[in-house]
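Here's the structure, in C-alpha cells; my notes come after.
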Amino acid sequence: QLHSDKKRAFNVFVGLKHGPSECLGMTDASRVNIFKYHEDNSWGKPKKNLPVTIVTGPLGAGKTTTLRHILKSKRNLRIAVAVNDFAAVNVDSELIACEQKDTGVVELTNGCICCSKKGDLVDKVWSVLKDADAGNVDYLVIETSGVTDPCTVVQTLEADFGKMYRIRLDSVVLVLDADEVVSKLDNGEPPVHPHQLMCADAVLLNKSDLVSPEECDKAAKYLADTIPQVEVHRCRFGSVPLDAILEIREATTVSTAAVAHEAVERKFHIASVEEKSLRTAKLADVTSDGGHIAAGQVDSMVFESGVPFRLGAFQDFLGPLFPLGVRRIKGWVYFAEDPKRRQWMFHYSGRRRFECSVDRTPAAGERKVRIVLIGKQLDEEAISSQLASATAGERAMGQSNLESDTSTAESDELFEVSPSDSGTTLKFRLTAAKPLKLSLEELSRKHGIDLNRVNTELQERVNYTAGPPFLTLAHDDDGTVWLRYATDGTQRLTDIWPSVKAAADVLVKNVFSHVFACRCGW
C-alpha cells in the first residue's frame, strides 16, 4: 500500500509541474521524461540499453559493402540497420533491404543526419529501441552518408537525457579507400577529415588490394601517426572479423550434441559493459557546427529511364564524356545489347573505378535505369541530357569496329573470342588454354580452374583500374561467363587492352601458376 501511495503521489507531482497534457496520453513524452525515467528505475524493471555502431567514411569508401559484410556474418544476432543517403533516392537502403529480411531497414533519405535529418535520426532510433524492448533487435548499425559529420551523430546518440538515454554507443567504424588516401597523400592534400579521425574507434583501410604493399604501408603509417590509439585493419570489400568492429564475443561453449568432426558455428553474444574495448574516441573537446564535412556545396541528382542504355554510349559517358564534378554514381542499369535484359548494380567511386555486377535481388517491378549522381556544382540539365542520349531509344547506333576489335582480342593467345550476339559487341574470356596446350575440360577437371570465377575477377580488376576501362559480363545459356565490350563507341578495344592484359597477367600468375609448373599431365 505504501508503494502504491508513493507512486500515486509522484505522478501527481509530475502532473502539477508539467500539466495534465504531459502526463496523460503522451507515451513518448512520458517515457523520456526525467521523472518517469527515475520512476521506471525505482519501481519497474530497468530496460536494456541498445548497442549501436556507426559506420562512416568518405563517398565511395565502401561503407555499404562493409554493412553487407556485417549482415552476412551476423550468425544468430538480430541486427537492425539505419541507412542515411544524401540523395533523394536511398540506393544503399534498397540494396540492403533485399538481403535484410528479419529486422528490416530504417531509411534516412534526402539529407544528412548531422544537420537536416538529425531529428529524423532520433525518431528512427527511438522506433528501433521499441523493437529492442520487444526482443526483436539485439544491435543497431547506422551507416552515415559520405558527407555526414560523424561528431554530430555521436553527440546526438550520447545525449544523457531524452530519447537517446538508453543508447549504448559501442564503436565508430571509419571506412577509407586505401587508393584515395594514397592519392591525396601524394598530392599533399589532407586524406581524411579531422572529425572522422577524431571519432574513429576502428579504421578499415578498404580496397587495399588496389594499391601496392608499399602504398598500403604509407597509408597505414599516416593513420598510425595520426590516431595511434586506433587499430587499422587492411581489407577488401569491408571484410574483417565482426568482433573487430562490433562489441560482440563468441560463445565459449559448443553444443555437446554435435559430432566431434563437424564444423559448428559458434553463436555471438553482446559484450557486457565490463568487456567493452573498442570505444576510445572522446569528443569532449570537439565542436561541430552541424554541417557537412565536405568542403563546398555537395549536390545530388537522380536519373531514371524506362529505356535501357546502349553499352557503347554508356562506355563513352564513363570515358571521354565523363562530366566534371561527379564524385560518386550508384544505382541500377541495364543494357540494350543484353538479350536477357538483366539488371545490373553499378557503382563509380574513387579515381574513376567502376563496379558492375548482376543484381541478384532486383527491385520489384519493371526493370529500369535508376542511378544517383553525387558531386560538386553538378549541371543537372546537361548530365541528364547526356544520359538520356545514351539510352537505346534516343541515340542512333554508331559505327561498329567489331572486326578490328575482334582481331585485337584474337591476337592474344591467352584469350578465347566468341561470335557477337548483337553485331555491336564483342565477347571474349581468359582461358590460357593455347599456351598451356590443354583443353578447357582438362583445365577444369585436372587442374581445378574455374574459368567463370577467373573471368568475373578479371572484369572486377579491369573496372577497378584507374581510368576509362569498363567491361560488363555476358552469360551463355550453359552458364559460361564472358567479358563483353561494345564496339560502336568512340573508345576502341585497343585503347583499353593494356589494362585488360595487365589484369590478365596477374590472374595467370596467381591462378594458373601450378598448371605451368605441372608437366606430368596431372
Flag for Gln196-Thr56: side-chain donor and acceptor within less than 3.5 Å: no
NZ/NE/NH1/NH2 to OD/OE distance under 4.0 Å, Arg75 and Glu250: yes
Check the angle between the aromatic planes of His195 and His193 and answer parallel, tilted or perpendicular using the 30° and 60° thresholds. perpendicular
Would you give the length of the straight line joining atom CE of Met301 to atom CD1 of Ile329, rounded to the nearest 0.5 angstrom? 9.5 Å
Which is it for Trp332 and Ile371 under the side-chain contact (heavy atoms from CB on, under 4.5 Å) test, yes or no, and what are the steps along the way? CA-CA 6 Å; Trp332 290 272; Ile371 56 177; over 6 Å; no
Measure across Ile496 and Pro469 and return the closest heavy-atom pair with its distance rounded to 0.1 Å. CG2-CA, 4.1 Å
Measure from the side-chain N and O atoms of Ser385 to the backbone N and O of Glu381, and report whether any donor-acceptor pair falls under 3.5 Å. no
Let's go through Thr65 and His69 carefully: what are the C-alpha distance in whole Å and the side-chain angles of both, what is the deciding distance for side-chain contact (heavy atoms from CB on, under 4.5 Å) to 0.1 Å, and is it a yes or a no? CA-CA 6 Å; Thr65 302; His69 164 68; 6.0 Å; no
Examine the side chains of Asn84 and Thr144 and answer whether a donor and an acceptor come within less than 3.5 Å of each other. no
side-chain contact (heavy atoms from CB on, under 4.5 Å) between Leu373 and Leu387, intermediate numbers included: CA-CA 11 Å; Leu373 300 91; Leu387 290 169; 4.2 Å; yes
Please tell me if the side chains of Val307 and Val369 come closer than 4.5 Å, counting only heavy atoms from C-beta onward. no
Taking the six-membered ring for Trp and the single ring otherwise, decide whether the centroids of Phe415 and Trp497 are under 6.0 Å apart. yes
So which atom in Arg328 and which in Ser349 form the shortest heavy-atom distance, rounded to 0.1 Å? CD-CB, 4.1 Å
Donor-acceptor list for residues 177-184 side chains, cut-off 3.5 Å, not counting sequence neighbours:
from, atom 1, to, atom 2, distance (Å)
Asp177, OD1, Asp179, N, 2.9
Asp177, OD1, Glu180, N, 3.4
Asp179, OD1, Arg351, NH2, 2.4
Asp179, OD1, Arg353, NH2, 3.3
Asp179, OD2, Arg351, NE, 3.0
Asp179, OD2, Arg351, NH2, 3.4
Asp179, OD2, Arg353, NE, 3.1
Asp179, OD2, Arg353, NH2, 2.8

Could you give the distance from CD (Glu416) to OG (Ser418), rounded to the nearest 0.5 Å? 7.5 Å
Does atom CG of Asp477 have more than 12 heavy-atom neighbours, drawn from other residues, nucleotides or ligands, at distances under 6.0 Å? no
Can you establish whether the number of heavy atoms outside Lys340 located under 6.0 Å from its atom NZ is more than 12? yes
Least distance between heavy atoms, Asp316 atom then Gln491 atom: OD1-N, 3.7 Å
Checking the side chain of Gln315 only, and the main-chain atoms of Ala486 only, is there a donor and an acceptor separated by less than 3.5 Å? yes
Has Asp412 got a side-chain atom pairing as donor or acceptor with Leu414's backbone, closer than 3.5 angstrom? yes
Look only at the side chain of Asn401 and the backbone of Asp488, and say whether a donor-acceptor pair between them is shorter than 3.5 Å. no
Does any N or O in the side chain of Glu231 come within less than 3.5 Å of the main-chain N or O of Ala202, such that one atom is a donor and the other an acceptor? no
Would you check if Leu311 and Thr424 make a side-chain contact, meaning some heavy-atom pair closer than 4.5 Å? no
side-chain contact (heavy atoms from CB on, under 4.5 Å), that's the test. Do Ile79 and Leu140 meet it? Break it down for me. CA-CA 6 Å; Ile79 297 180; Leu140 171 62; over 6 Å; no
Residues Glu457 and Arg461 bridged, charged N to O under 4.0 Å: yes
With a 6.0 Å cut-off (strictly less than), is the heavy-atom count around CG of Leu440, excluding the residue itself, greater than 12? yes
Arg370 with Glu304: basic N within carboxylate O range, under 4.0 Å: yes
Does Val172 offer a backbone N or O that forms a donor-acceptor pair with the side chain of Asp201 under 3.5 Å? yes
Can you see which heavy atom on Ile374 is nearest to which on Ser300, and at what distance? CG1-CB, 4.1 Å
Do Leu67 and Val141 have side-chain heavy atoms sitting under 4.5 Å apart? yes
So do the side chains of Val230 and Leu223 get within less than 4.5 Å of each other, counting heavy atoms only? no
Is it true that the side chains of Tyr485 and Thr425 contain a donor and an acceptor less than 3.5 Å apart? no
Between Ser404 and Ser407, is any side-chain donor less than 3.5 angstrom from a side-chain acceptor? no
For Val462, is there any backbone N or O sitting under 3.5 Å from a side-chain donor or acceptor partner on Thr465? yes
Between Asp505 and Lys501, does at least one N-O distance fall below 4.0 Å, as a salt bridge requires? yes
How far does CG of Leu121 sit from CD1 of Ile142, to the nearest 0.5 angstrom? 5.0 Å
Counting N and O atoms only, with roles assigned by atom type, does the side chain of Ser389 sit under 3.5 Å from a partner on the main chain of Gln386, one being a donor and the other an acceptor? yes
Is the shortest heavy-atom distance from the side chain of Leu242 to the side chain of Phe268 under 4.5 Å? yes
Residues in side chain to side chain contact (heavy atoms under 4.5 Å, CB included) with Cys216, at least two apart? Leu205, Ser208, Val211, Arg234
Spell out, as yes or no, whether a donor-acceptor pair under 3.5 Å connects the side chain of Asp243 to the backbone of Ile248. no
If you take all heavy atoms of Thr66 and Gly238, which pair is closest and at what distance? OG1-CA, 3.5 Å
Donor-acceptor contact present, side-chain Asn206 to main-chain Val175, <3.5 Å: no
Quick one: are Leu451 and Val481 in side-chain contact, heavy atoms under 4.5 Å? no
Rounded to the nearest 0.5 Å, what separates atom CG in Leu473 from atom CG in Leu458? 9.5 Å
From Asn455 atom CG to Phe428 atom CZ, the distance as rounded to the nearest 0.5 Å: 9.0 Å
On a heavy-atom basis, which atom in Lys207 and which in Ala61 lie closest, and how many Å separate them? CE-O, 3.8 Å
Once you round to the nearest 0.5 Å, how far does OG of Ser145 lie from NZ of Lys63? 7.0 Å
If you define the side chain from C-beta out and look only at heavy atoms, does anything of Asp495 sit under 4.5 Å from Leu493? no
Result for ring-ring contact (aromatic ring centres under 6.0 Å, His included) between Phe470 and one of Phe322, Trp344, Phe317, Phe314 points to Phe314
Look at the aromatic rings of Tyr348 and Phe354 and report parallel, tilted or perpendicular, splitting at 30° and 60°. tilted
Under a 3.5 Å cutoff, is there a donor and acceptor pairing between the side chains of Ser239 and Lys72? no
So, Thr391 versus Ser305: side-chain donor-acceptor pair below 3.5 Å or not? no
Heavy-atom distance under 4.5 Å between the side chains of Leu471 and Trp482, does that happen here? no
Tyr334 ring center within less than 6.0 Å of Phe309 ring center: no
Any Lys/Arg nitrogen of Arg492 or Asp405 sitting under 4.0 Å from an Asp/Glu carboxylate oxygen of the other? yes
